[in-house]
Amino acid sequence: MKRLTLIFCALALLLLGGCAPYVRQTPEEETTLITVGFSQVGAESDWRVANTESMRESLSEENGFELLFDNARQKQENQFKAIRTFIQQDVDYIVLAPVTETGWESVLEEARAANIPVIIVDRQVEVNDTTLFTSWVGSDFRKTADEAVAWLAEALDARAETDTDVQILHLQGTPGSTAQLQRSAALEAGAFKHQSWTIAAQLNGDFTQAKAYEETRAYLANNPVPDVVYCENDNMCFGVMQAMDELGIAYGEGGVTLITFDAVHRALSYCKDGKIDLCAECNPLHGPRVRAIIEQLERGETPEKRSYLSEQLFMKDRITDELLESRIY
Ligand code: GYE
């Protein structure tokens, strides 16, 4: 493995006082940076931007890293290209936030052949040989989504709406991504369990506000207003709100029930104002974990194969001003 070695040599001649003799200084500093190639999904959401920022902060030069960043614009082929470039550049580590779960074998084999450990963050990769990656850091998407669905069941129960027909509009994230697969599976399991729930439609919003807005606007123009909208991320929820604002449809308290995932600052603040009913948290701060994993590997230790970040559900009464102020994303 190649280390990027920076050698700073400085020869300083200082004149002390008016006619004092020259003092020769030769401070010599050698800094060895660990090079990390990071293939990021894109910049599709507030969550993603916070994730990138967390990685940049943790893998900074001051912390001893040189970070090579690539934004794949939500395309797997761009991620293949980025990883191959990192291999050519002989980086020390590759960090991959995969857009979808499948199709990674070849490129991961190439990284392994080049002896470069790969750390996966956020979404998972589906590979038969799990030694193709060193470690994974992310969320237990299914667990949090199951909790969100259980919250919906209770909320409907409390409103005595369990027996009446519940129409759910489902905004899905990028098809085939772990966040989409597991959040969708939780809702589908909920609809299967509760006879009165109907998933009225599943719209692909690709985790972006713009796409969710367009899809929802078009859907609502031709279909009845649903009782619940289940959005697989906050930015899609903002798109739904935008569409409903334009159509004069009430949501949140006293309107369509809105459920969203991520719990970024803006969503929490809408929730506090009663415009969103539930924010299911997804923690984007992977940087410190990734740094710790690399440092473990540097010491010759074996990191955990999978490590989960902890998260919770937020409803209006759990959102304080302090929480909003301390939220950095
Ligand atoms: O929920 C969404 C982002 O994979 C957990 O991707 C991530 C999701 C997150 O674009 O906002």
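Basis for what follows: all heavy atoms, side chains included, without hydrogens, waters or symmetry-related copies. We count ligands from 1, going down the list as the structure has it; atoms in each ligand are counted the same way.
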Would you say the side chains of Arg112 and Thr131 form a donor-acceptor pair under 3.5 Å? yes

Using a 6.0 Å cut-off, check whether atom CZ of Arg84 has over 12 heavy atoms from anything other than its own residue. yes

Presence of salt bridge, Arg291 and Glu295, under 4.0 angstrom: yes

Arg48 charged N/C atom sitting above Phe207 aromatic ring, 6.0 Å / 45°: no

Of Asn71, Asn51, Val99, the one forming a side chain to side chain contact (heavy atoms under 4.5 Å, CB included) with Gln40 is Asn51

Validate the cation-pi geometry between Lys305 and Phe133: distance from NZ or CZ to the six-membered ring centre under 6.0 Å, angle to the ring axis within 45°. yes

Close-range residues for ligand 1, whose non-hydrogen atoms fall below the 4.0 Å threshold: Glu44, Ser45, Trp47, Arg48, Asp122, Arg123, Phe141, Ala179, Arg183, Phe207, Asn233, Asp262, Cys282

